[in-house]
> 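Take this structure first; my questions come after.
This one's a predicted model, so the numbers in the text were calculated from it and none came from an experiment. Sequence lines set the chain letters: A, B, ... in the order given, protein chains first and strands last, and positions in each chain run from 1. Keep in mind that the numbers below use all heavy atoms, side chains included, and drop hydrogens, waters and symmetry copies.
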Number of protein chains: 2
Amino acid sequence: MADPPKRPALRKRYDDRQREVLDACARVFAERGYHGTSIDDLIAATGLARGGLYHYIGSKSEALFRILDDLMGPLLERATAAVEGPDAPPSAVGRLRALTRVWMRQVESHRDHVAVFEQERRTLEAEPVWERVRGDRRAFEVLLVRILEQGVRDGELAVADPQLAALALLGMVNHTALWFVPGGRLDADEVADGFVDLLLDGVRRG
Amino acid sequence: MADPPKRPALRKRYDDRQREVLDACARVFAERGYHGTSIDDLIAATGLARGGLYHYIGSKSEALFRILDDLMGPLLERATAAVEGPDAPPSAVGRLRALTRVWMRQVESHRDHVAVFEQERRTLEAEPVWERVRGDRRAFEVLLVRILEQGVRDGELAVADPQLAALALLGMVNHTALWFVPGGRLDADEVADGFVDLLLDGVRRG
DNA sequence: TTCACACCTTCGACCGTTCGGTCGGTATAA
DNA sequence: TTATACCGACCGAACGGTCGAAGGTGTGAA
C-alpha cells in the first residue's frame, strides 16, 4: 500500500490484486473479528507471504480502513443517487423502497464488509481516524430520516416517531449481515421489499 | 473462578464481588471488543491487580462466557414465562408485546452484555464451547416465530413471511444495543411498544 | 471472650508465546 | 537494466496466564 506502481500498465494489475487481497482480509475479519485476526491468518487466507501481504495492505489497520471505506463510500453515493438524483421516485414510498434496495444490494455484494462494519462500529465511534466512515454512515441515516419526514409532511405516511422508525429499519437491514446468504431463499431485492412492506403496512390483520 | 469459597457466609461476598468484576469486564469488552481488550485494560477497569483479577474471572475467555451466559439464561427464562407461563396474554398481539418488553428491559439492564453478544456473534456460531449460549438464542427466536405463526393461524395476524418478520424484529431490538441510552428520550417499554406498533400497523397513512 | 489457625483475598514479578511490522534480498517482467 | 512483486528471517513489544508470598478475616476450641 505504500507504493502503488507508477507505470500505468502495471497499475491496473496492482489494483485488481489489491482488491482480491482486501476481499480475502474482509472475509477473515468478518469470521474472526478484526482484533481476533492475526497477520498469519491473513497470510493463510491470501496465500501470500508476510512481505507480499504488506506490499498490498500497508498495515492491518490500513486494510480495515480500506475495507470500510470501500463499503460506505459507494453505498452513500448510490443511495444519494437513488433518492435525490434525477431518476429518484417522486413518492416517499418509492424513495424508501429504492433506498432499501440499494442498501440490501450492498449487503449482498459486500456481506463480509458489512459484517466487519457491524462488529467494529463501537470502536469506530471513538477514534478520529474513522471520521470519514462515520460521516458516511451519518449521511446515510439522514437520507432515511428525511424520506420519512417528507412522507409525513406530504401526507403519504403517518409515523408516530420518525427517528424510531428509521432506527427500526436500520436495525432490520444491518442485522441481515448476520443471516443473509446470497443464493438463499430470498434475494436482496425480495428482502428489501419484504422489510419495506412490513414497515409500511404491518402485520395486523384487516 | 477456580475456587469459590466453601463457607456460605463468604460465598455471598465472593459472588457479589465477582458480579462487580464481570460487569466491569463487560463494559470494557463492549467498548473495545473482546479481542481488542487486554488484561491490563481489565485491570484498569476493575482496580484489581493481575492476580486478584484472575481470582474472580479464571481466564479472559471464562469471563466472556459468564457475561454471555448471565445475559441469555435469564432472558430466555423471563421470555418463556412471559409468553408461555400462566400469566401469558391470550392473544398473539399481547404475547408479542410482552416478549418484546422483556427483551428491551434486558437490553436496558444489560446494555454492555448485549453489545458484547452482538459483537461476538459470528465467533459464537463456530466454536462448541458456546453451544449453551447459542441454544438459548435459538430458543428465543423460536419463541418469537411461534407467536407470529400462531397469530396467523388464529386469524389475528396476516404475515406474508413469518421468518422474515421475526428477523426484522430481531434486528430492530438487537440493534438497540448500539444506540439505546437508559434515561434517554424513550425508556425500554416505550421503545418496545414503538417497535411492536410499527410491526403491527405500519406507517402508511390511512 | 480470646486467640490461633485455616481460609480467603490480593499482590506483582515473572514466564513463554504470539503479536504486528521491518528489511535486505531474489525473481520476474517491461 | 530498472521498476515491480514477492519472500521469510528477524525484531521488540505486548500478550494471556502462573505462582509463591503477604496480609486480612471469619470461626471453633479453649
> Tell me whether the centres of the aromatic rings in His55(A) and Tyr14(A) are closer together than 6.0 Å.
yes

> Between dA30(C) atom C1' and Lys6(A) atom NZ, what is the distance in whole Å?
16 Å

> Between dT22(C) atom P and Ile57(A) atom CD1, what is the distance in whole Å?
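Going from CD1 in Ile57(A) over to P in dT22(C) covers 11 Å.
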
> Could you tell me whether Arg185(A) and Asp161(B) make a salt bridge, using a distance below 4.0 angstrom between a side-chain N and a carboxylate O?
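Yes, charged N to carboxylate O under 4.0 Å.
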
> Are any of the side-chain nitrogens in Glu20(B) or Arg17(B) under 4.0 Å away from the carboxylate oxygens of its partner?
yes

> Please tabulate, one pair per line, each protein N/O and nucleotide N/O from nucleotides 15-20 of chain D that are separated by under 3.5 Å, including the distance.
unit_1: dG16(D); atom_1: OP1; unit_2: Thr37(B); atom_2: O; d: 3.1
unit_1: dG16(D); atom_1: OP1; unit_2: Lys60(B); atom_2: NZ; d: 2.8
unit_1: dG16(D); atom_1: OP2; unit_2: Ile39(B); atom_2: N; d: 2.7
unit_1: dG16(D); atom_1: N7; unit_2: Arg50(B); atom_2: NH2; d: 2.7
unit_1: dG17(D); atom_1: OP2; unit_2: Tyr54(B); atom_2: OH; d: 3.0
unit_1: dG17(D); atom_1: OP2; unit_2: Lys60(B); atom_2: N; d: 3.0
unit_1: dG17(D); atom_1: N7; unit_2: Arg50(B); atom_2: NE; d: 3.1
unit_1: dG17(D); atom_1: N7; unit_2: Arg50(B); atom_2: NH2; d: 3.3
unit_1: dG17(D); atom_1: O6; unit_2: Arg50(B); atom_2: NE; d: 2.1
unit_1: dG17(D); atom_1: O6; unit_2: Arg50(B); atom_2: NH2; d: 3.4

> For the side chain of His55(A), counting heavy atoms from C-beta on, which of dG12(C), dT4(D), dA5(D) is nearest?
dA5(D)

> Starting at the 5' end of DNA chain C, which residue's closest nucleotide do you reach first, Gly52(B) or Arg7(B)?
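Taking each residue's closest nucleotide, the earlier one in sequence belongs to Arg7(B).
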
> Check this for me: does any side-chain nitrogen of one of Arg138(A) and Glu131(A) sit under 4.0 Å from a carboxylate oxygen of the other?
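A salt bridge is present here (some side-chain N lies under 4.0 Å from a carboxylate O).
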
> Without decimals, in angstroms, what is the distance between Leu64(A) CG and dG20(C) P?
13 Å

> Give the rounded distance in Å between these two atoms: CD of Glu20(B) and P of dT9(C).
13 Å

> Tell me every residue that passes ring-ring contact (aromatic ring centres under 6.0 Å, His included) with His110(A), counting only those two or more places apart in sequence or in another chain.
His113(A)

> Using a strict threshold of under 4.0 Å (side-chain N to carboxylate O), is an ion pair present between Asp16(A) and Arg11(A)?
no

> Would you say Arg17(B) reaches dT10(C)'s phosphate, i.e. side-chain N/O to OP1/OP2 under 4.0 Å?
yes

> Separation of Tyr14(B) atom OH from dT25(D) atom P, in whole Å?
18 Å

> So among Arg137(A), Arg132(A), Arg134(A), which one has a salt bridge (charged side-chain N to carboxylate O under 4.0 Å, His left out) with Asp69(A)?
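Only one option passes, and that is Arg132(A).
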
> Round to the nearest Å and state the distance from Leu53(A) atom CG to dG21(C) atom P.
10 Å

> Rounded to the Å, how far apart are Leu48(B) CG and dT9(C) P?
11 Å

> Pro5(B) has a side chain; which of dG26(D), dG8(D), dT9(C) sits nearest to it?
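Shortest atom-to-atom distance from the side chain points to dT9(C).
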
> Separation of Leu10(B) atom CG from dT27(D) atom C1', in whole Å?
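Distance, rounded to whole Å: 10 Å.
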
